[in-house]
Every structure is written in C-alpha cells, then in structure tokens.
Amino acid sequence: LGSHDGGSSAILTFAILAVWAVGFVACLARVYAGWRAVRGCLASGEVPTRGRELAVLRRLDCGESVGLVLSSGAFEPGVVGVRRPVLVWPSLLSARMSDDEIAAVMAHELEHVRRHDNLAGLGGMFVWCVFWFYPVVWWLGTRLLAERERACDEAVIERQSAQVYAESIL
C-alpha cells in the first residue's frame with residue numbers, strides 16, 4: 001500500500017476522462033439521432049396554406065408566431081424549435097377529431113411554446129450529456145419532462161373543456 005507515483009495517477013485520470021468522453025459522445029449521438037428524426041418529419045411534411053388545422057392554429061395563435069407542418073411521419077403532435085417554433089401535426093390525426101379537439105391538443109402544444117419548454121429541454125439534454133453517469137440526472141430529466149407535460153395539461157384545462165381535452169387525448 002505504498003504511495004502512488006505520478007504515472008499511475010495520470011493513467012487513472014486519463015481512463016476516467018476517456019470513459020466519460022465515450023459516454024458524453026454516446027449521449028450526443030442519441031440526441032443527434034432524435035434531432036435527425038424530427039428534421040426528417042419536417043422535411044417530408046407539408047406546409048399548409050389553408051385547411052382545418054391551419055385555421056384552428058391561427059385562431060389560437062393570433063400572432064402567427066408558430067408555423068405548422070403536416071407530417072405523415074409524426075406519431076403525435078409536437079413543437080419543434082426555440083426561436084421559430086413549428087407545430088408538427090400528424091396528417092392523419094385530424095380526420096378522427098373535431099375542431100374543438102384539434103384546438104385542445106394545439107393549445108397544449110402552444111403552451112409549451114409560451115413556457116419556453118423546448119429551451120428548457122435543450123438545457124436538460126446538455127446536463128444529461130455532461131452528467132450521463134449519474135442516475136439522479138436521468139431520473140430528474142424524466143420527472144422534469146412529466147412536470148412540463150402536466151403543467152401544459154393544467155393550463156389547457158383551465159381555458160377549455162376538460163371533457164373535450166380528455167377525448168382529444170384518447
């Protein structure tokens with residue numbers, strides 16, 4: 001149990017940094033893959049100039065600050081972007097929904113824009129990538145996402161019919 005020399009201390013430090021770097025790069029790769037999938041939905045989607053979805057969105061977003069893309073690749077509606085947010089709407093979803101149901105789901109997504117949730121999510125992804133080795137960060141990320149969703153749900157229910165919103169989610 002003698003003292004460590006500088007060489008073995010440097011090797012240990014290098015090994016720890018190498019493991020951290022591999023995990024950091026793996027996290028970045030996962031974030032990048034998700035970003036590419038979203039970009040694919042945007043690229044293959046259609047920017048409508050008229051239609052039910054655009055009319056409902058414009059009624060809700062009077063300032064027209066949020067763009068709309070109808071996508072066959074999207075599984076659920078979602079807002080993409082921070083500076084110029086775009087609502088990606090699954091093109092087949094509207095056929096099964098009334099205008100009030102579409103408005104309820106869009107109001108939820110617009111609440112994410114109002115709250116700057118995408119910016120918070122970017123910050124969370126950065127923290128996740130840096131501290132990928134710490135399980136509490138993974139747990140906190142999951143909890144923060146759930147809380148952002150719950151906050152948007154509550155905001156919609158305050159302004160619209162809870163019954164219509166629940167039906168639109170189902």
Side-chain angles (χ1 to χ4, degrees), residues 1-47 53 57 60-61 65-93 104-158 165-166 168-170:
L1 298 178
S3 65
H4 294 289
D5 64 0
S8 50
S9 184
I11 291 171
L12 181 61
T13 301
F14 177 78
I16 290 170
L17 285 175
V19 169
W20 176 84
V22 167
F24 180 75
V25 170
C27 290
L28 285 179
R30 185 172 171 189
V31 169
Y32 179 72
W35 177 80
R36 295 266 311 179
V38 169
R39 297 294 299 169
C41 284
L42 288 173
S44 66
E46 167 197 350
V47 178
E53 300 88 353
L57 179 63
L60 293 171
D61 182 32
S65 61
V66 177
L68 177 65
V69 170
L70 301 177
S71 174
S72 61
F75 296 104
E76 62 185 41
V79 175
V80 178
V82 174
R83 287 185 313 175
R84 287 174 279 149
V86 174
L87 173 59
V88 180
W89 187 267
S91 54
L92 300 177
L93 185 61
V105 173
M106 285 186 176
H108 172 96
E109 298 304 326
L110 292 173
E111 189 64 23
H112 283 298
V113 173
R114 188 188 71 71
R115 294 169 32 87
H116 305 285
D117 283 346
N118 285 358
L119 184 59
L122 280 174
M125 280 188 270
F126 176 75
V127 170
W128 174 66
C129 287
V130 171
F131 296 102
W132 62 267
F133 55 89
Y134 195 48
V136 172
V137 171
W138 292 64
W139 178 79
L140 282 173
T142 302
R143 293 299 314 140
L144 288 171
L145 177 61
E147 289 301 318
R148 286 193 302 263
E149 290 300 322
R150 188 180 59 74
C152 291
D153 289 341
E154 289 175 358
V156 171
I157 290 171
E158 285 178 11
Y165 185 53
S168 69
I169 293 173
L170 296 174

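Remember, predicted model here, so these are calculated numbers, not experimental data.
Applying the side-chain hydrogen bond (donor to acceptor under 3.5 Å, both in side chains) rule to pairs touching residues 125-146 yields R143-E147, sequence neighbours excluded. Applying the salt bridge (Lys or Arg N to Asp or Glu O under 4.0 Å) test to residues at least two apart or on different chains, none of the pairs has a partner in residues 22-40.
Atom CG of D117 is separated from atom CD of E109 by 10.0 Å, given to the nearest 0.5 angstrom. Interatomic distance, L70 CG to L87 CG, rounded to the nearest 0.5 Å: 9.0 Å. Of the inter-residue distances, the one linking E46 atom CD with L68 atom CG reads 9.0 Å to the nearest 0.5 angstrom. Here the straight-line distance linking atom CG of L17 with atom CG of L12 works out to 9.5 Å at 0.5 Å rounding. Y165 contributes atom OH, which lies 10.5 Å from atom CD of E154 (distance to the nearest 0.5 angstrom).
Applying the side chain to side chain donor-acceptor pair (under 3.5 Å) test to E149 and every residue at least two apart in sequence or in another chain returns H108, H112. For E111, the side chain to side chain donor-acceptor pair (under 3.5 Å) partners at least two apart in sequence or on another chain are R114, R159. Contacts of F14 classified as ring-ring contact (aromatic ring centres under 6.0 Å, His included), with partners at least two apart in sequence or in another chain: none. Partners of V80 by side-chain contact (heavy atoms from CB on, under 4.5 Å), not counting sequence neighbours, listed by chain and number: V38, L42, V88.
The main-chain N or O of G81 is found under 3.5 Å from a side-chain atom of N118 such that the two form a donor-acceptor pair.
The number of heavy-atom neighbours closer than 6.0 Å to CZ of F131, taken from other residues, nucleotides and ligands shown, is 12 or below. More than 12 heavy-atom neighbours from other residues, nucleotides or ligands sit within 6.0 angstrom of CG on L28.
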**Request:** Kindly determine whether L57 and L110 satisfy side chain to side chain contact (heavy atoms under 4.5 Å, CB included), including the steps that lead there.
**Result:** CA-CA 9 Å; L57 179 63; L110 292 173; 3.9 Å; yes
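The minimum heavy-atom distance linking P90 with E76 is given by the pair CG-C, 3.7 Å. Residue C129 comes nearest to C27 through the heavy atom pair SG-CB, 3.4 Å, listed as atom of the first residue, atom of the second, then distance. Annotation for P85 and V79: closest pair CB-CG1, 3.7 Å, computed over non-hydrogen atoms. Between C41 and V69, the shortest heavy-atom contact is O-CG1, 4.3 Å.
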